[in-house]
Amino acid sequence: KESMELVLKLFTNYLEQVPDAKILVHCTAGKDRTGMVCMLLQSVAGFSYEDMVTEYVISETEAKHVMAMSFKKHSVALVDPKIMSGANKQGLDGALSHLRAKYGSVENYLDEIGFDASWRERLKRVLL
């Protein structure tokens with residue numbers, strides 16, 4: 001929770017200081033914590049569920065490239081292909097379902113981690 005709050009506040013503060021900045025968010029396969037950060041940013045920005053899914057599943061293709069490079073460079077995969085090779089709609093549905101079941105809504109989750117309505121409004125202003 002604390003790391004998610006920190007990331008969202010860092011994004012907000014940075015974009016307030018450098019309004020025209022571009023930020024690249026990535027990890028090994030771009031689907032778990034990275035996908036969660038992007039989903040939360042998109043949610044605050046007012047993306048529709050359908051648009052969030054479209055953006056999320058792009059990682060499916062990209063993860064396959066990462067796996068191929070891993071196999072090419074190493075005799076043993078550095079990551080488990082069964083875990084890292086998918087970024088599908090069910091993954092995003094699972095994350096959203098978990099947040100809604102545990103917190104009631106994405107907004108309640110953000111409140112719980114300390115990224116309250118005032119922070120969300122600040123982020124929304126710099127994203128839009």
Side-chain angles (χ1 to χ4, degrees):
K1 288 181 186 181
E2 290 116 17
S3 62
M4 195 63 69
E5 173 196 12
L6 178 63
V7 168
L8 294 171
K9 287 181 176 180
L10 284 170
F11 275 42
T12 303
N13 286 328
Y14 182 73
L15 290 171
E16 286 175 335
Q17 298 298 312
V18 187
D20 294 328
K22 307 293 185 256
I23 298 175
L24 173 65
V25 182
H26 67 89
C27 69
T28 302
K31 67 182 201 83
D32 295 323
R33 286 177 301 264
T34 302
M36 184 71 164
V37 167
C38 292
M39 184 269 296
L40 292 171
L41 291 168
Q42 292 168 340
S43 181
V44 170
F47 275 49
S48 70
Y49 170 77
E50 291 78 18
D51 288 342
M52 285 192 283
V53 169
T54 298
E55 293 294 319
Y56 181 74
V57 298
I58 289 170
S59 294
E60 182 89 33
T61 302
E62 296 306 315
K64 290 177 184 172
H65 296 299
V66 170
M67 292 304 300
M69 289 187 301
S70 174
F71 283 124
K72 196 179 226 184
K73 287 185 174 185
H74 308 280
S75 59
V76 176
L78 298 177
V79 293
D80 183 345
K82 292 177 187 157
I83 295 170
M84 298 307 288
S85 64
N88 54 42
K89 179 181 180 297
Q90 290 78 16
L92 183 62
D93 285 343
L96 286 170
S97 292
H98 172 74
L99 288 181
R100 289 180 182 134
K102 186 165 183 173
Y103 301 98
S105 68
V106 172
E107 291 78 16
N108 289 346
Y109 167 74
L110 292 168
D111 286 340
E112 176 73 21
I113 66 168
F115 199 73
D116 62 21
S118 65
W119 275 101
R120 293 194 298 274
E121 187 54 41
R122 287 172 59 186
L123 178 60
K124 192 172 186 175
R125 274 196 302 270
V126 296
L127 289 176
L128 304 176

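We're numbering straight along the sequence, starting at 1.
For the pair Leu99/Glu112, no side-chain contact is recorded, criterion being any heavy-atom separation below 4.5 Å from C-beta on. Under the 4.5 Å side-chain criterion, counting only non-hydrogen atoms from C-beta, Gln17 is not in contact with Asn13. Put simply, the side chain of Tyr109 does not reach to within 4.5 Å of the side chain of Lys102, judged on heavy atoms. Looking only at side-chain heavy atoms (C-beta outward), Gln42 and Tyr56 stay at 4.5 Å or farther from each other.
Listed by first and then second residue, the salt bridge (charged side-chain N to carboxylate O under 4.0 Å, His left out) pairs involving residues 10-25 are Glu16-Arg122 (not counting sequence neighbours).
Salt bridge status for Arg120 with Asp111: present, with a side-chain N to carboxylate O gap under 4.0 Å.
Pairing each heavy atom of Ser43 with each of Glu107, the nearest pair is OG-OE2, 4.5 Å. Asn108 and Ser105 make their closest contact through N-OG, 3.0 Å (heavy atoms, listed as atom of the first residue, atom of the second, distance). Residues Glu5 and Gly114 approach most closely at OE2-O, 3.8 Å, considering heavy atoms.
Side chain of Thr12 to main chain of Leu8: a donor-acceptor pair is present (N/O by atom type, distance under 3.5 Å, no hydrogens or angles). Looking at Asp93, its side chain never comes within 3.5 Å of a backbone N or O of Leu96 through a donor-acceptor pair. Of the possible donor and acceptor atoms, none in the side chain of Lys124 sits under 3.5 Å from a partner among the backbone N and O of Gly46.
Between Ser118 atom OG and Glu121 atom CD the span is 9.5 Å, to the nearest 0.5 Å. How far CD1 of Ile113 is from OG of Ser3: 8.5 Å, rounded to the nearest 0.5 Å. With rounding to the nearest 0.5 angstrom, the CE atom of Met52 is 9.0 Å from the CG atom of Leu40. Between atom OH of residue Tyr14 and atom CD1 of residue Ile23 there is a gap of 6.5 Å, rounded to the nearest 0.5 Å.
Shown are Leu92, Val53, Val44, Thr34; of these, the side-chain contact (heavy atoms from CB on, under 4.5 Å) with Met39 is made only by Leu92.
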